[in-house]
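Keep in mind that the numbers below use all heavy atoms, side chains included, and drop hydrogens, waters and symmetry copies.
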Amino acid sequence: MTSTPPARAFVDRHVGPRGDDVARMLEVVGAPSLEALVDAAVPAAIRSDRPLDLPAARGEAEVADALRAIAGRNRVVTSMIGLGYHGTTTPPVIRRNVLESPGWYTSYTPYQPEISQGRLEVLLTFQTMVADLTALPVAGASLLDEATAVTEAVLLMRRAVKGREDGVVVVDAQCLPRTLEVVRGRADAVGLPLVVADLTDGLPADLPDVVGVVLAQPGASGVVRDLRPLVDAAHDRGALVTVTADLLSLTLLMPPGELGADVAVGSAQRFGVPMFYGGPHAAFIAVRQGLERTLPGRLVGVSHDADGATAFRLALQTREQHIRREKATSNICTAQALLAVVAAAYAAYHGPDGLREIAERVHARAVALASGLRDLGVAVVHEAFFDTVLAHVPGAADAVVAAALARGINLRHVDADHVGITTDETTTPAHIAQVLASFTQVVHGGGESAQLEHGGATVLQLREGGIPAGLRRTSEFLTHEVFHRYRSETAMMRWLRRLADKDLALDRTMIPLGSCTMKLNAAVEMEPISWPEFADVHPLAPADQAAGYAELIAQLEAWLAEITGYAAVSLQPNAGSQGELAGLLAIRGYHRSRGDDARTLCLIPASAHGTNAASAVLAGMRVVVVKTAADGTIDLAHLRELLAEHGPQVAAIMLTYPSTHGVYEAEVREVTAAVHDAGGQVYIDGANLNALVGLARPAELGGDVSHLNLHKTFCIPHGGGGPGVGPVAVAEHVAPFLPGRGGTAVAQAPHGSAGILPISWAYVALMGPDGLRSATEHAVLAANYVAARLTEHFPVLYTGPGGRVAHECILDLRALTAATGVTAEDVAKRLIDYGFHAPTLSFPVAGTLMVEPTESEDLAELDRFCDAMVAIRGEIQRVADGEWTAADSPLRGAPHTAACVSADVWEAAYSRELAAYPLPSLRHDKYWPPVRRIDNAAGDRTLVCACPPIEEYA
């Protein structure tokens with residue numbers, strides 16, 4: 001029976017349509033009941049024969065209390081562990097107006113730039129900040145974490161050095177331990193020779209064909225070195241050089257660009273983003289001139305709109321994985337945009353002087369600590385350092401760490417003889433005194449009062465610094481006005497508000513994107529991530545300090561396993577693309593364990609999710625595409641031909657189910673059985689899991705591996721392009737090859753972006769098994785309602801059983817374009833004038849729009865969207881009737897700004913009123929885009945990826 005949630009349950013707040021609205025929608029769809037519609041749309045062959053075995057739905061207050069109890073089992077201890085994670089203070093004006101503001105966290109990746117100018121401006125500020133601090137001219141708009149950023153740099157260097165495809169990359173042993181682990185695994189997957197070496201005495205002389213060198217500054221041990229001899233030696237051998245850098249240290253240290261580096265990477269976490277038990281955090285990459293067109297991920301650029309005004313957009317979009325697929329050089333899709341916004345706002349709030357003052361204070365604490373240790377007779381290993389002191393305590397490391405922990409401070413246990421201590425923005429003189437007291441207790445056995453007195457005196461003696469004069473920064477940075485203009489809280493608050501007002505996010509309109517599931521991110525789900533017990537835990541803290549996280553992670557993994565039908569789940573992947581990669585690496589590990597090394601071919605249907613092919617290549621696999629049948633399903637005959645031809649080489653097939661064509665494929669079990677018979681594994685992409693939860697389980701369809709998108713189905717918001725979480729779920733035989741269980745690590749933190757897992761935990765707890773199923777059913781209802789209302793105006797390209805769609809539908813504009821010249825892009829831009837974000841444009845089929853309304857939109861909003869699309873169809877008809885040409889129509893002129901329609905001169909062939917208010921309802925609630933249609937080609941020809949002069953913002 002179809003579930004009927006109790007009145008006033010949380011599901012009633014999450015699901016938009018209710019009561020009479022559902023009845024009306026069913027009437028339009030032509031179904032007698034919701035149950036009948038689901039039975040017609042979802043093939044019986046895929047339906048699960050058992051209900052979800054999950055805890056019953058809980059109320060909002062109950063879930064909040066449960067999360068408080070879980071958070072209370074974490075212990076917030078002052079962590080001086082370092083290793084890429086640092087205490088920092090998020091300015092409250094940024095926390096409240098960005099991190100906790102739905103105007104920022106519910107926006108989508110800025111593929112439609114005209115309605116994304118606010119977030120694009122801040123991402124451009126992030127790029128400018130990174131470029132200035134690294135002294136390299138071009139920076140990207142954010143990567144996932146430092147470890148994967150280093151991996152991206154390694155792959156970039158390999159691509160950029162031509163003619164040495166088998167060349168070796170040398171990685172500094174001073175890189176962070178988790179970075180080394182991730183890079184080793186990723187290099188092995190693509191057959192890249194990698195050597196991790198102690199570079200104290202220079203580059204190894206016996207290595208032929210070095211294509212790249214990765215250097216750490218500061219090193220994991222805290223050491224600060226003059227890297228110029230190593231950089232010069234690498235360049236002399238024709239290699240490129242990447243430096244892993246700490247952004248805060250670069251306010252004091254000579255930056256990578258001035259050291260001669262070609263690439264710089266690192267994490268922006270300590271710029272106002274909490275540790276979050278490992279993430280999410282924005283990583284960064286910057287390159288010298290000439291390498292900008294090889295950058296992975298997103299690059300924000302400057303162009304102009306139809307009126308010549310400065311406008312921002314994503315540059316070089318042909319590198320996006322949905323377009324390049326198996327030719328892509330990176331599989332990044334979800335990045336960390338929201339966290340990059342926080343970091344950029346932090347830099348703008350403090351400015352160069354404020355950042356330098358914070359850095360000087362952090363360094364001074366470390367200098368005081370080193371001086372105090374020397375006074376105690378404790379050897380300090382490195383004379384030059386920024387924020388990390390490495391103490392040599394033969395045989396006493398355990399005792400020192402325990403003594404500090406007894407005083408409420410985590411230190412880093414390096415080995416039996418060494419302890420690392422890292423200072424940060426939150427370190428106080430009292431912390432330094434307590435650390436010195438811990439050493440005093442172990443080394444001298446002194447009394448408590450003597451320890452504190454000695455430590456306190458040392459704190460006041462700020463002796464010689466730990467940065468040699470020859471390595472101190474002398475160049476200016478952050479000179480752009482954006483880093484000087486918003487110092488007061490009032491100015492910062494208003495800047496953030498102005499930026500948010502330029503954008504369209506889920507807090508003001510439906511975002512009908514197919515395959516991306518932009519649905520409610522409830523406030524009760526979001527609130528806990530800011531609690532200190534979740535936000536301020538170091539990912540490498542002792543396990544007993546993260547007991548709450550362990551409980552939450554174990555429960556969420558178990559719930560996701562039940563929902564998908566798999567045996568085990570890893571939450572480590574910190575994006576959907578990384579979940580894909582983790583799943584494919586697990587399949588690769590499984591085959592290798594059986595001596596099946598020859599299985600390196602991945603079959604990918606043309607209907608599959610866009611990043612699949614890129615992920616397969618990065619897992620060391622060769623891609624072969626399976627054709628699509630006329631009805632949008634997998635061409636079974638072609639699949640069988642490929643299996644007959646390549647059977648012994650087939651490692652896996654990657655299915656997206658339901659397919660990206662928006663249909664449930666009834667023959668999916670035949671597909672999975674055929675691949676299994678050939679010895680391959682079945683990967684089912686979970687991007688569209690919102691159409692399956694409670695109705696079907698991927699594992700029961702024959703899947704061996706799936707990744708899930710918590711930022712889609714499980715309500716983590718998209719944040720303007722990230723954060724995301726892409727857990728990977730596997731069958732029992734693949735479980736030993738999961739990250740964290742013996743498989744290849746795909747993220748820097750052991751549990752990835754753990755800080756946002758409370759969102760999805762809360763969603764599942766609030767909805768319960770019946771609510772989750774109800775959400776799926778209503779998502780199917782909404783999609784079929786939109787399809788039914790629009791199909792006579794824009795034909796629906798593919799339908800499944802009974803002429804129904806799944807959770808999304810593709811509107812086919814190709815015939816209209818052929819007849820009138822009006823394109824799908826014209827419709828997407830005209831929708832802005834109606835106050836809507838566009839559906840997915842020209843993917844998976846060129847010349848179409850893919851719509852996913854989700855279960856969270858109520859009938860009024862669904863009708864508002866449908867009314868807009870019907871009105872636009874009427875405008876297209878006026879072009880068809882010869883009233884306008886396509887070039888002179890409001891569709892090609894869209895979007896229209898307030899400045900445009902209020903100008904003294906109006907020369908358009910249509911009226912100002914039609915341009916601005918094509919529907920009467922818009923007079924009551926009008927979104928005005930800040931720019932007109934942007935010239936993407938001009939921006940790609942002249943690549944400008946840093947903040948333009950402030951006058952151009954006017």
Are the side chain of [X] and the backbone of [Y] linked by a donor-acceptor contact shorter than 3.5 Å?
{"X": "H711", "Y": "V725", "answer": "yes"}
{"X": "R95", "Y": "G272", "answer": "no"}
{"X": "R487", "Y": "F483", "answer": "yes"}
{"X": "D858", "Y": "G16", "answer": "no"}
{"X": "D833", "Y": "H896", "answer": "yes"}
{"X": "E525", "Y": "P758", "answer": "no"}
{"X": "N521", "Y": "C715", "answer": "yes"}
{"X": "D145", "Y": "Q748", "answer": "yes"}
{"X": "D307", "Y": "A309", "answer": "no"}
{"X": "H837", "Y": "L504", "answer": "no"}

Whether the [X] and [Y] side chains hold a donor-acceptor pair (N or O, under 3.5 Å, no angle test) is what I'd like checked.
{"X": "S530", "Y": "E100", "value": "yes"}
{"X": "R497", "Y": "N97", "value": "no"}
{"X": "Q336", "Y": "S142", "value": "no"}
{"X": "Q269", "Y": "T88", "value": "no"}
{"X": "T517", "Y": "E852", "value": "yes"}

Locate the shortest heavy-atom distance separating [X] from [Y]; write the atom from each residue and the value.
{"X": "A749", "Y": "Q572", "result": "O-CG, 3.6 Å"}
{"X": "P280", "Y": "I756", "result": "CD-CG2, 3.9 Å"}
{"X": "I511", "Y": "T106", "result": "CD1-O, 4.0 Å"}
{"X": "P948", "Y": "V302", "result": "CD-CG2, 4.3 Å"}
{"X": "T134", "Y": "A286", "result": "OG1-CB, 3.5 Å"}
{"X": "D424", "Y": "G87", "result": "OD2-N, 2.9 Å"}

Charged N to carboxylate O under 4.0 angstrom, [X] versus [Y]?
{"X": "R313", "Y": "E114", "result": "no"}
{"X": "R270", "Y": "D246", "result": "yes"}
{"X": "E855", "Y": "K519", "result": "yes"}

For the atom pair [atom1] ([X]) and [atom2] ([Y]), what is the distance rounded to the nearest 0.5 Å?
{"X": "T128", "Y": "L133", "atom1": "OG1", "atom2": "CG", "result": "10.5 Å"}
{"X": "D507", "Y": "S107", "atom1": "CG", "atom2": "OG", "result": "8.5 Å"}
{"X": "T840", "Y": "Y108", "atom1": "OG1", "atom2": "OH", "result": "6.0 Å"}
{"X": "H281", "Y": "L143", "atom1": "NE2", "atom2": "CG", "result": "15.0 Å"}
{"X": "L314", "Y": "L299", "atom1": "CG", "atom2": "CG", "result": "8.5 Å"}

Worksheet entry | Qualifying residue, where the test is side-chain contact (heavy atoms from CB on, under 4.5 Å) with P930 and the options are E121, R498, K502 | K502
Discussion item. Side chain to side chain contact (heavy atoms under 4.5 Å, CB included) for F534 and Y549? Distances and angles first, verdict last.
Written reply: CA-CA 8 Å; F534 284 132; Y549 263 119; 3.6 Å; yes
Worksheet item: Can you check side chain to side chain contact (heavy atoms under 4.5 Å, CB included) on F865 and L831, steps first, answer last?
Response: CA-CA 9 Å; F865 172 73; L831 272 169; 4.3 Å; yes
Practice prompt. Could you go through the side chain to side chain contact (heavy atoms under 4.5 Å, CB included) check for R119 and W104 one step at a time?
Written response: CA-CA 8 Å; R119 78 198 78 132; W104 287 98; 4.0 Å; yes
Worksheet item: Does the separation of the ring centres of Y763 and H14 fall below 6.0 angstrom?
Response: yes
Practice prompt. Walk me through it: do T509 and R864 pass the test side chain to side chain contact (heavy atoms under 4.5 Å, CB included)?
Written response: CA-CA 10 Å; T509 181; R864 193 170 75 89; 3.2 Å; yes
Discussion item. Are Y927 and I832 packed together at the side-chain level, in the sense that at least one heavy-atom pair is separated by less than 4.5 angstrom?
Written reply: yes
Item to complete: Identify which one of N690, N688, T854 satisfies the side-chain hydrogen bond (donor to acceptor under 3.5 Å, both in side chains) criterion when paired with H807.
Response: N688
Worksheet item: Does R68 count as lying over the ring of W531, i.e. NZ or CZ under 6.0 Å from the six-ring centre, within 45 degrees of the axis?
Response: yes
